[in-house]
Student: 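Please find one structure pasted underneath; my questions will follow.
Excluded from the calculations below are hydrogen atoms, water molecules and symmetry mates; all remaining heavy atoms, backbone and side chain alike, are included. Naming: A, B, ... by sequence-line order, numbering from 1 per chain. Everything numeric here is computed off the predicted structure, so don't read it as measured data.
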Protein chains: 2
Amino acid sequence: MATVKDLAKATGVSVATVSKFLNGGNVLPENRRRLERAVKRTGYRINSLARGLKTRCSMTVGVLIPRFNNAFYAAMVSELENQLSRNGYSTVVCAYHDDPATEREKFDFLLNKAIDGLIMTPLGAASQCLPLLRQTTLPVVMIDRVCDGMARDMVVTDNAAAAADAVRCLAARGHRRIGIVTGPEGVFTADERLAGYRRAVAELELDPAPELVRRGDYSPDSGNRCMQEFLDLRRRPTAVIITNYEMTLGGVIALENRNISIPGELSLIGFDNLELAQVIRPPLTMVVQPVAKMAAAAVALLRQRLANPADNSFSIKKFPAELMLRDSVKTINMK
Amino acid sequence: MATVKDLAKATGVSVATVSKFLNGGNVLPENRRRLERAVKRTGYRINSLARGLKTRCSMTVGVLIPRFNNAFYAAMVSELENQLSRNGYSTVVCAYHDDPATEREKFDFLLNKAIDGLIMTPLGAASQCLPLLRQTTLPVVMIDRVCDGMARDMVVTDNAAAAADAVRCLAARGHRRIGIVTGPEGVFTADERLAGYRRAVAELELDPAPELVRRGDYSPDSGNRCMQEFLDLRRRPTAVIITNYEMTLGGVIALENRNISIPGELSLIGFDNLELAQVIRPPLTMVVQPVAKMAAAAVALLRQRLANPADNSFSIKKFPAELMLRDSVKTINMK
DNA sequence: ATGAAAGCGCTAACAG
DNA sequence: CTGTTAGCGCTTTCAT
C-alpha cells in the first residue's frame, strides 16, 4: 500500500506538497501532473484512519435504528445513507430489535467507533442508553422516536396530529365508532398516535369504548390479528385506523380473507404509503410521513452541529404527516 | 477527551501498561483497580482511529447492496449486521440502486474508507466496478449475486435449481403451461432463475411459449403488471412462478383484484417467505432462500480470509433453496 | 509554492 | 509485570 511518503519519493516533492495536492491545494502544474501519474501508477489510496487521527474527524456517522426489516426504517436508512454519502460521509448502521439491552450495547459500540455524529431512533421510555447519551458530547440527532428532556436535535412526525386528523376525516364522514391499531406501549410513536386518537375521539364525542383500541407490535401478523379481533366484535367499528405500514397490510389481508369489502363494510385508513400499499385495490387512504424530508432534516441538523459545535441551543423539527384521501373511506349514514 | 497518556498520568503507570490493560492483558490487581476507576472517572473511550492506524485494521466491514427497501436485502443486511457486530465488527453500508455508475462510485468510496473487508452484492454483468475489484487486495465476499471469474469468495443460492424445482413441482401436478416472472436481464439472480426454468421446461417437454416468460424489475408494481399480462393472455398459464418477494406480493394483489382464486384458477409459487407472505391466505408455496445461513457463511468466509490472508484459494458456497409446499398449488387434470 | 518537522493516540518491541 | 520508545500515515504550522 503506497503512502504519501512513497508519492513524495516517486515525484521528488515533499510530503507536505503531496498532502496539499491530495487535498486540492495549489501546486505547480508540473508537480500536479507527476503526482497524478504517481497516484494512478501506485494505486494510492488515502489512509482515512491516519487522516482521521490527525484531523479528528472520520467522515462517518452512526445510524441506530430499531430494525432493518421494516419498510419505514428501510426507507429511512436508505434516505439517510443517500444524503450522507452525498456529503462525503459514510454510514455505519446498527439495529437493536426493540430490545433495550441491545440498544444500549449498540449505542456504546458506536460511541467507540470514531463516528462524527449519530442519528438514532431511540426505543422510547424504556431506553437504557439515556445516561450514556446524556454524558456524551457526540452530536446526536434523534429521528422518528425521541426522548424528552434530552437537549438534543430531534426530527419527528407530528404523530398525535396525524392520528387526530385521521379520526376527524372519518368522523366528518359519519363514522362514530372508529377503531385504532397502534403499537406497543412505551414506544414513542405508538403512544403519541394513540394520544392523538383519544384526544380527537373525546373532542368529537365519538364512541370511546376501550375495545376500539388494539395494540399490535408493528408486524403484519399483529395487524392481521387485531383486525380479526375487530371483526369478531359484537358491534364492529365502521372504520379502522392502522398506525404503520406492516400492520396496515396485515389488516388488509385479514379483510380479504374474510371477504369484507373496503370501504363497503369497513372504512380503512393506513399509515406509510410505501411500495406495496400503492398496488392495493381499492387505493388506501393513508397517513404519509415525509420520510425523505425527515432524513434530509436530520442530516442537515447534524451537519449544522458539526459545523458549529459551540452552539448549545437545539431544534425540534416536527413535520406534519399528510392525509392522502383515497377510496378506502366511505361516507356512512349519519344517524 | 482522555487518552492513554491521561490514564497513565492519573494512575501512575506507563502508557504501555494502560494499553495492556485496555487490551485485556495481565496487570497487577492494584493497577487494574486504579485503571478501571480512572476509565470510569474520565469517561475514557479508546480512539479507534489511532488503534486502527497502528494495528492496520479498523474492525469495520463494508456492505454494498442494491437497495435497502427490498425485503430480501433488508433481511440480509440485518443478518450481516448481526453476525458482524457479534464478532466486534461494525458495518458500513452503501446501496447503489441498481445503477452501474453508483455501484462503481460506492465501491470506490468504500475502498477509501479503511474497511477490513467487503461483503457485496454486485449488479451482475453490467457491473463497472470489476476492474477496481480485480485490482484491490481487500478481502471481498460476494453474496446473492456474483461475478464469474473473479477469484473471490462467493455465497449464492442455487438459483437455477430453485426455479427448476418449482417447475418440476408444478409439472408433477399436471401443469404444462407454466408462467414465470423473473427479474431484469443482466441481473445475476434473474438470469439464473430463468435459465433453471427453461432447462426444466425443456427437459419435461412443457409448453415453451415465449409469452410465458415475463420480466419485472423486482418491484411489487411490476409483479402486479406481469400477473395481469398473464391473466390477459388468450390462453392463460395454469400456474405461475414469481421469482422474488415484492413481485410475488404484487402478483397476489393482482389476483385478488381480479377475483382469481388461488389455487382454484391459478396455481402460484412465490419466492422468499418473508413476513408479509406468511399472513396471506391461502398460504403460498414458496421458494425459500436461507438468508441467515447465507449471511453467516459470508461473514465466516470473510473472517477466515482475514485470519489467513496468504491463502490464495477461494470458495464458492452454494446453498439450495427450499421449496415449501403449501396450498397455493393444485393438481389439475392430466390430459 | 514548497519543505522540514512535530504530533494526532495508540500498540508493540524490547529491556529490565 | 512494567516502562521506554519508535512509528503507523497523515496534516499542519512555520520558515523559506
Student: Could you go through the side-chain hydrogen bond (donor to acceptor under 3.5 Å, both in side chains) check for B/T189 and B/Y218 one step at a time?
Tutor: CA-CA 11 Å; B/T189 48; B/Y218 283 151; 2.9 Å; yes
Student: Can you give each donor-acceptor pair under 3.5 Å made by side-chain atoms of residues 289-301 of chain A, sequence neighbours left out, with the distance rounded to 0.1 Å?
Tutor:
unit_1: A/Q289; atom_1: OE1; unit_2: A/T157; atom_2: OG1; d: 2.6
unit_1: A/Q289; atom_1: OE1; unit_2: A/R193; atom_2: NH2; d: 3.4
unit_1: A/Q289; atom_1: NE2; unit_2: A/D272; atom_2: OD1; d: 2.9

Student: To the nearest 0.5 Å, how far apart are CZ in A/F72 and CG in A/D144?
Tutor: 4.5 Å
Student: Measure from CZ on B/F21 to P on D/dG3 and round the result to the nearest Å.
Tutor: 14 Å
Student: So, does B/N31 get its side chain near the phosphate of D/dC1, meaning an N or O under 4.0 Å from OP1 or OP2?
Tutor: no
Student: Do B/N23 and B/R51 get their side chains close enough for a donor-acceptor pair, meaning under 3.5 Å?
Tutor: yes
Student: Please report the C-alpha distance between A/R303 and A/N308 in whole Å, then the side-chain angles of each, then the deciding distance to 0.1 Å, and finally whether the side-chain hydrogen bond (donor to acceptor under 3.5 Å, both in side chains) criterion is met.
Tutor: CA-CA 8 Å; A/R303 284 183 12 112; A/N308 188 354; over 6 Å; no
Student: Verify the distance criterion only: is there a donor paired with an acceptor across the side chains of A/N69 and B/S78 at less than 3.5 Å?
Tutor: no
Student: Taking only N and O in the side chain of A/T17, is any of them less than 4.0 Å away from OP1 or OP2 of C/dG3?
Tutor: yes
Student: A/K9 has an atom NZ; how far is it from atom C1' of D/dG9, in whole Å?
Tutor: 13 Å
Student: Classify every nucleotide of nucleotides 7-16 of chain C by which part a protein heavy atom approaches to under 4.0 Å, writing B for the base, S for the sugar-phosphate alone and - for neither, in 5'-to-3' order.
Tutor: BBBBBB----
Student: Could you state the CG-P distance from A/L7 to C/dT2, rounded to the nearest angstrom?
Tutor: 15 Å
